[in-house]
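What follows is a set of notes on a single structure, which appears directly below.
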Amino acid sequence: MLKEELASCLRQAVLKAQQEGVLAAAALPEVLVEHPQNPEHGDFASGLPLRMARAMRMAPMVIAEKVSEHIVPPPKVDRVWVAPPGFINFTLRGDWLSTEVESILAAGESYGDTELGKGKRVQVEFVSVNPTGPLHVGHGRGAVLGSTLANVLTASGYGVEKEYYINDMGNQIATFGRSLYARYQQCLGRETEVPSDGYHGGYMIDLAKEIVQEQGDRFLSLPESDGASQLGEVGVARMLRGIKQDLELLNVVFDIWFSESSLHQGGQYNKAMELLQSGGYVVEKANATWFESSALGEDKDNVLVRSDGSPTYFASDIAYHYNKFLERKFDQVINIWGADHQGHVPRMKAVLRALGCDPEQLKVIICQLVTLRRGEEVVKVSKRSGDIVTLKEVIEEVGPDACRFIFLSRSADSQMDFDIELAKRQSAENPVYYVQYAHARIASILRLAEQRDIDYSRGDVSLLATEPELTLIRRLILLPEIVERVAVTLEPHHLPYYAQDLATVFHSFYKQCRVVSDDEPLTKARLKLVRASQIALAKTLRLMGMSTPEKM
RNA sequence: GUCCCUGUAGCUCAGCUGGACAGAGCGGCUGCCUUCUAAGCAGCGGGUCGAGGGUUCGAAUCCCUCCAGGGACUCCA
């Protein structure tokens with residue numbers, strides 16, 4: 001990539017200057033090359049002289065001068081110059097930029113892909129919501145984040161598997177079964193109450209009704225506990241189906257739906273516990289079995305098996321990660337959790353150490369909670385109590401593309417208000433449509449070219465030399481950098497910002513440069529540029545899991 | 001009480017591995033449709049970067065204290 005090329009260029013210049021004794025000997029700091037925000041400062045810039053000033057005991061401007069004198073720039077660089085207080089700036093040659101259009105056309109849909117991952121296997125586990133209720137907006141955020149990351153990592157040369165972990169056993173499931181059984185009985189005319197700690201949402205009534213309709217009263221004759229567990233199973237299966245459908249509305253699809261209970265049936269649970277035991281991390285106290293995480297630097301221990309003999313969620317999670325790392329041998333695992341799971345990160349890392357894995361192999365992305373609101377009114381989203389606004393309702397109201405874009409536009413670290421009113425009200429002036437409109441516009445130009453039978457395959461890109469054209473190309477060649485940045489930082493929010501920037505630059509180009517005109521050679525050259533723009537924009541939209549409309 | 005995230009323009013947010021005048025969208029105000037989509041373009045206005053200290057030639061960015069909002073500290077998940 002260009003940045004690295006220039007960085008090594010700078011490194012060599014410094015070394016050469018030092019060998020000649022023009023620059024003081026000093027260790028070279030990391031050479032950072034960046035895009036200046038002000039275009040007058042060139043396409044690339046480095047503040048290297050500023051960083052070296054102290055160690056060399058020389059003025060930054062002097063260092064900058066000496067270094068720049070020793071730079072042997074690659075042919076694609078047009079100009080290297082020094083600017084106060086000590087920057088070295090680079091500009092790219094216009095004719096080199098224009099030939100990049102050909103590279104983009106040649107790359108086609110693979111434009112933006114990199115080999116960063118070198119085929120390493122990465123698992124992205126996300127959503128993984130208990131199948132005890134429908135998804136709400138907060139889950140949508142994790143879903144969009146995870147699926148986008150998976151897209152980007154795939155484009156970056158990783159072997160990616162997207163997985164949903166199903167908590168299909170334990171307390172919550174039992175409570176769900178009892179609640180559903182109560183609703184079921186009520187539905188069939190029996191007097192009974194939903195347990196106070198149960199699921200009171202209206203969706204449980206609908207679910208009970210559906211099951212009555214489909215399977216009649218056959219669970220009624222069972223003993224209470226059997227009825228609850230069997231009905232619970234039926235209910236979980238139905239909830240999962242619904243969750244899957246809702247996610248598909250958002251363009252989120254999983255490779256694997258992994259069952260928690262399978263870890264107990266398949267032996268992973270026992271194996272993981274034995275491994276911890278043999279490592280000496282397991283202790284019995286107060287009638288329960290504990291993971292001695294305090295021995296690994298944690299502030300407290302955690303229960304694995306309760307005094308009633310039932311395993312905790314944490315124990316299953318250990319078995320799950322045992323399976324991820326030791327059985328399926330993923331090189332890297334990315335878990336996307338809500339902020340309410342923040343505190344579990346350190347103990348999970350401790351587990352990895354206890355299992356003999358490198359904690360660095362596990363990356364946990366904590367995404368902050370989403371507050372749903374309609375204007376001033378805050379909408380509660382608790383599953384346990386009362387009615388909720390489901391993700392499905394929000395998607396239907398706002399639209400999947402807008403939902404995805406809104407979720408992606410904020411970094412996972414910042415909590416967000418999802419204002420349905422705002423999301424809808426904005427729709428005319430929404431950045432989502434602004435970006436998609438640029439794509440539709442491009443499509444419309446290319447349609448016109450097709451109608452007029454213009455074959456631009458031999459267009460001469462060297463004719464692309466005006467400022468709006470070159471500015472557009474500069475944005476186009478940024479895409480691989482953006483993709484790589486997202487893959488490295490695991491921060492997909494850079495994508496929507498790039499998309500918007502690219503759209504802005506395209507719209508501006510469109511205004512200033514007539515594409516299909518009487519000037520045949522120029523028309524063909526510009527059509528190539530337009531097509532390259534489409535490739536970059538469509539790629540960005542696809543990475544974000546959004547549609548690429550041909551018309552709007 | 002301890003730990004984590006956040007606090008930047010009226011609103012929603014980027015920027016935060018320290019560097020060139022602090023950015024975008026929305027909203028407000030001005031202009032621009034005989035030519036490929038005006039869901040567009042060009043421009044204007046708008047900021048004590050939560051507060052106070054510190055480190056540095058240089059701090060929105062690093063350190064400390066405080067304030068505010070959210071989350072976590074369950075033999076819940």
Side-chain angles (χ1 to χ4, degrees), chain A residues 30 32 34 36-38 40-41 45 47 49-51 53-54 59-60 83-87 89 128-130 132 167 170-173 175 197 260 286-290 299-300 302-317 338-346 366-369 371 406 409-419 422-423 425-438 440-449 451-452 489 493-494 496-497 500-501 503-504 506-518 523 526-527 530 551-552:
Chain A
E30 194 191 352
L32 291 178
E34 57 198 12
Q37 54 276 57
N38 186 339
E40 284 172 21
H41 298 137
L50 290 160
R51 295 168 180 282
R54 186 183 329 236
F87 288 99
N89 299 335
S128 301
V129 176
N130 281 354
T132 54
N167 300 111
N171 273 340
Q172 301 301 328
I173 293 297
T175 307
D197 65 339
E260 176 183 359
N287 273 333
T289 308
W290 298 71
D299 38 358
K300 62 185 187 59
N302 296 96
V303 174
L304 294 170
V305 183
R306 302 184 184 91
S307 41
D308 68 2
S310 62
T312 59
Y313 152 91
F314 178 51
S316 289
D317 229 17
D340 51 344
H341 287 65
Q342 175 82 254
H344 299 180
V345 179
I366 295 298
C367 81
Q368 297 297 315
L369 272 21
T371 312
I406 290 169
S409 301
R410 286 145 183 86
S411 80
D413 282 338
S414 63
Q415 34 192 115
M416 63 180 283
D417 281 4
F418 193 105
D419 184 345
L422 190 71
R425 179 150 46 83
Q426 268 192 354
S427 61
E429 298 294 324
N430 206 311
V432 181
Y433 300 106
Y434 178 83
V435 171
Q436 289 185 323
Y437 182 67
R441 223 176 200 181
I442 289 170
S444 145
I445 298 170
L446 296 177
R447 265 198 306 277
L448 180 73
Q451 278 162 23
R452 299 203 182 160
T489 61
H493 70 267
H494 298 113
Y497 284 91
Q500 187 158 351
D501 186 34
T504 298
F506 182 81
H507 283 311
S508 178
F509 155 80
Y510 173 88
K511 188 70 180 177
Q512 295 173 78
C513 301
R514 173 79 201 181
V515 177
V516 180
S517 68
D518 297 338
T523 296
R526 285 184 171 167
L527 280 169
V530 168
K551 283 184 181 171
M552 280 175 77

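What you see is a predicted model; the values in this text were computed from it and never measured. Per chain, numbering begins at 1; letters A, B, ... match sequence-line order.
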Check your understanding: Is there a donor N/O on one and an acceptor N/O on the other, under 3.5 Å, for the side chain of Ser414(A) and the base of C13(B)?
Key -> no
Exercise for review: Choose from G70(B), A39(B), G71(B) the nucleotide whose nearest atom is closest to any side-chain atom of Tyr433(A).
Suggested key: A39(B)
Practice item. Establish whether the base of A22(B) is bridged to the side chain of Asn38(A) by a donor-acceptor pair shorter than 3.5 Å. Key: no
Check your understanding: Which of these nucleotides, C5(B), A77(B), A14(B), is closest to any side-chain atom of Thr312(A)?
Key -> A77(B)
Review point. Counting side-chain heavy atoms from C-beta on, which of C36(B), C5(B), G40(B) comes nearest to Gln415(A)?
Key: C5(B)
Practice item. Using only heavy-atom distances, decide whether a donor-acceptor pair under 3.5 angstrom links the side-chain of Gln368(A) to the base of G71(B). Key: no
Review point. Which part of the nucleic acid, if any, lies within contact of Leu50(A), taking any heavy atom under 4.0 Å across all strands shown: a base, the sugar-phosphate backbone alone, or nothing?
Key: base
Check your understanding: Do Ser414(A) and Arg410(A) have side-chain atoms, one donor and one acceptor, less than 3.5 Å apart?
Key -> no
Exercise for review: Measure distances between side-chain N and O atoms of His344(A) and base N and O atoms of A77(B), and say whether any donor-acceptor pair falls under 3.5 Å.
Suggested key: yes
Check your understanding: So, for His507(A) and Tyr434(A), is the gap between ring centers shorter than 6.0 Å?
Key -> yes
Exercise for review: Side chain of Lys511(A) only, please: which of C73(B), C41(B), G58(B) is the nearest?
Suggested key: C41(B)
Study note, to complete from the structure: Which of C75(B), A20(B), G71(B) is nearest the side chain of Phe87(A)? It is A20(B)
Check your understanding: Taking atom C1' in both G7(B) and U61(B), what distance in whole Å separates the two?
Key -> 15 Å
**Study point:** Ser508(A) and Gln512(A) side chains, donor-acceptor separation under 3.5 Å
**Key:** yes
Exercise for review: Would you mind classifying the nucleic acid contact of Phe314(A) as base, sugar-phosphate or nothing, using non-hydrogen atoms under 4.0 angstrom?
Suggested key: nothing
**Study point:** Proximity to the side chain of Ser508(A) - top-ranked nucleotide from A39(B), C41(B), A72(B)
**Key:** C41(B)
Revision key, fill the gap. The reported gap from CE in Met552(A) to CZ in Arg441(A) (rounded to nearest 0.5 angstrom) is 11.0 Å
